[in-house]
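Here the structure is laid out as structure tokens; the discussion comes afterwards.
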Amino acid sequence: MQQDLIARARTWLAEDPDPETREELAGLIDAGDLDALADRFAGTLQFGTAGLRGELGAGPMRMNRSVVIRAAAGLAAYLLAHGHAGGLVVIGYDARYKSADFARDTAAVMTGAGLRAAVLPRPLPTPVLAYAVRHLGAVAGVEVTASHNPPRDNGYKVYLGDGSQIVPPADTGVAAAIAAVGPLDGVPRPESGWEVLGEEVEAAYLARTDAVLTPGSPRTARTVYTAMHGVGTPVLTAAFARAGFPEPVLVAEQAEPDPAFPTVAFPNPEEPGAMDLAFATARRARPDLVIANDPDADRCAVAVPDASAEGGWRMLRGDEVGALLAAHLVDRGVSGVLAASIVSSSLLGRIAEKAGLGYEETLTGFKWVARVDGLRYGYEEALGYCVDPEGVRDKDGITAALLVAELASVLKEQGRTLLDLLDDLALAHGLHATDQLSVRVEDLSVIADAMRRLRENPPAVLGGLPVTSAEDLSQGTDLLPPTDGLRYRLTGARVIVRPSGTEPKLKCYLEVVVPVPDAAGLPAARERAAAVLATIKRDLSAAAGLGRPL
């Protein structure tokens, strides 16, 4: 066993093209660090509907140039097998460690396989790549990014020619082609032959952002903006300037790309502390809004002044922003279908129904939301919004920020705020309050054990509310394909439990709906909803064997 492990490590070392990971792996072999080697050679990173994502380092269980070259070779083989010889593959990348290297390797592999490759000119937001796939008529796109994961992670996201992320069976087809790749010295990787794109794709994307706004609409909202050490600043500020909004006040410490993400524990606006610098800037600048993108700028977080909140600013939940944008689009008279993932609030369905619009629920992830027929607007509670599906069939934190700023400007002219509009929605449809129990683990078996425990002993009562139905989503439903998840319907509430597809987390999504008789009843409804959510969280944590919730 020990000799086999060392032999596999030496074989990997011999074909690793990266001096950094070669040095790392050679050091582990020389030191006889069998635990570290076993961790890196316990299997291979699995290519799925989220592509690849993992910690940087040597070996098949890490993100590195060897793994990326194999992934690119498998994708190229898949494209060739599906009749795309000579087709264009466009490649984008963020500012994380190794992203530019992985993009260059991908371009070389595609070129060597007889495909055409074009690389975006520098680190740019993921939605620019998603836009470029359709704009350039590509047969596929690759974005090298780990989104809002920790600094030591990177990832590899694949789009097909329709501009949407891959879904089954394409993901399993690509995975099989990756598994069939032989030794790396058999993968042609020329030194040149691909195109490095100029500024024209970003310019075309920026021109398209105008489409999300109403001609002549108010553009007065003042914002504080943070790129969270990512790539969003130049594109968002250019989009705001084109649209005629006041220039955003930047959170200076987080405005420039930095793969170390030095000011945050996790570069995700939803994580505790991530917005502290933005709020400090807002208390000085006194804007109407705080807007944050995650590092690859496909997500958009929004915060608003709130005298009752600690520090005077309150982060809106993704579900709240999702409902606000839907209400704004409905008020503008849009047509088409509204869509949200099953873990998002049911409020969008009520908004669509009252407006006479179609509504669909999908599995988690924009790979599903963006594929809804006739989609006009889709969102997911994890700060993802698709407000221009004809331009970008994915979540887009830049165009979402523009639309939020437009809505805030319209309300500002009326002497109102986003919080006032949320009150209106609660009065019209009931207070839809959401929360999340999210457990980050070191040992993935904790997640598997929790899911097994809930499947074997589904709770009958949560938060004092009877569970009226318990669905194992791994079996699929009439409307949804199978996925690893559980859904509980309660009287006036809903709970969904699922492992995260991109991080070592178990995620539980909670929603409570409380009727609101009139404006005077809003405070009591909020207190009632908060109390029920807290008790559901406590009971669910106990049922899953996770101890007391944080």
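Everything numeric here is computed off the predicted structure, so don't read it as measured data. One-based numbering along the sequence shown. The figures here come from the full heavy-atom set of this structure, side chains too, leaving out hydrogens, waters and symmetry mates.
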For [Y], does its backbone N or O pair with a side-chain atom of [X] as donor and acceptor, under 3.5 Å?
X    : Y    : answer
R242 : T209 : no
H432 : G430 : yes
Y225 : N293 : no
R376 : V387 : yes
S99  : A95  : no
T223 : L289 : no
S409 : A405 : yes
Y379 : L338 : no
S341 : G365 : no
Q254 : H229 : no

Heavy atoms only: give me the nearest [X]-[Y] pair and the separation to one decimal.
X    : Y    : answer
D394 : A370 : N-CB, 4.2 Å
A326 : L348 : CB-CD1, 3.3 Å
P150 : R96  : O-NH1, 2.8 Å
T233 : A255 : OG1-O, 2.7 Å
T220 : P246 : O-CG, 3.8 Å
G230 : P257 : O-CG, 3.4 Å

Handout entry: Check against side chain to side chain contact (heavy atoms under 4.5 Å, CB included), F261 and F266
Key = CA-CA 8 Å; F261 304 110; F266 293 97; over 6 Å; no
Exercise for the section: Identify which one of D288, D423, D424 satisfies the salt bridge (charged side-chain N to carboxylate O under 4.0 Å, His left out) criterion when paired with R416. Expected result: D424
Value rounded to 0.5 Å, distance of [atom1] in [X] from [atom2] in [Y]:
X    : Y    : atom1 : atom2 : result
L206 : T399 : CG    : OG1   : 11.0 Å
L533 : L437 : CG    : CG    : 11.5 Å
L329 : T214 : CG    : OG1   : 8.5 Å
F366 : S164 : CZ    : OG    : 11.0 Å
L480 : I342 : CG    : CD1   : 5.5 Å
L506 : C508 : CG    : SG    : 4.5 Å

Should the pair [X]-[Y] be classified as a salt bridge under the 4.0 Å nitrogen-to-oxygen rule?
X    : Y    : answer
D298 : K157 : yes
R317 : D319 : no
R489 : E511 : no
E406 : K412 : no
E271 : K505 : yes
D435 : K537 : yes
R208 : D396 : no
R487 : E361 : yes

Practice task
Assign the ring pair Y131 / Y205 to parallel, tilted or perpendicular, where the plane angle (0 to 90°) is split at 30° and 60°.
Solution key: perpendicular
Is any side-chain heavy atom of [Y] closer than 4.5 Å to one of [X]?
X    : Y    : answer
V144 : N154 : yes
L236 : P248 : yes
V235 : L124 : yes
P269 : L383 : yes
L363 : P481 : yes
E143 : Y159 : yes
V302 : L418 : yes
M228 : M275 : yes

Handout entry: From CA spacing to verdict: salt bridge (charged side-chain N to carboxylate O under 4.0 Å, His left out), R455, D484
Key = CA-CA 11 Å; R455 283 190 168 103; D484 187 8; 2.9 Å; yes
Practice task
Could you please spell out the steps behind the side chain to side chain contact (heavy atoms under 4.5 Å, CB included) verdict for L465 and V532?
Solution key: CA-CA 9 Å; L465 303 175; V532 174; 3.9 Å; yes
Exercise for the section: Report the C-alpha separation of L419 and T417 in whole Å, then their side-chain angles, then the decisive distance to 0.1 Å, and conclude whether the side chain to side chain contact (heavy atoms under 4.5 Å, CB included) test is met. Expected result: CA-CA 5 Å; L419 295 180; T417 68; 3.7 Å; yes
Exercise for the section: Determine whether more than 12 heavy atoms belonging to other residues, nucleotides or ligands lie under 6.0 Å from atom CD of E310. Expected result: no
Exercise for the section: Decide if atom CG of D373 counts as having more than 12 heavy atoms of other residues, nucleotides or ligands within a radius under 6.0 Å. Expected result: no
Exercise for the section: Could you walk me through whether M315 and F279 pass the side chain to side chain contact (heavy atoms under 4.5 Å, CB included) test, one step at a time? Expected result: CA-CA 10 Å; M315 272 279 287; F279 292 155; 3.7 Å; yes
Exercise for the section: Just do the side-chain hydrogen bond (donor to acceptor under 3.5 Å, both in side chains) check on S147 and D294 with the steps written out, would you? Expected result: CA-CA 7 Å; S147 189; D294 65 339; 3.0 Å; yes
Problem - Working for salt bridge (charged side-chain N to carboxylate O under 4.0 Å, His left out), residues R371 and D162 - result: CA-CA 9 Å; R371 292 176 182 275; D162 63 355; 3.2 Å; yes
Handout entry: Donor-acceptor pair between Y509 and R498 side chains, under 3.5 angstrom
Key = yes
Problem - Working for side-chain hydrogen bond (donor to acceptor under 3.5 Å, both in side chains), residues R219 and S217 - result: CA-CA 6 Å; R219 312 280 168 92; S217 63; 2.8 Å; yes
Exercise for the section: Tell me, with the steps shown, if R53 and D153 meet salt bridge (charged side-chain N to carboxylate O under 4.0 Å, His left out). Expected result: CA-CA 7 Å; R53 197 174 290 189; D153 286 6; over 6 Å; no
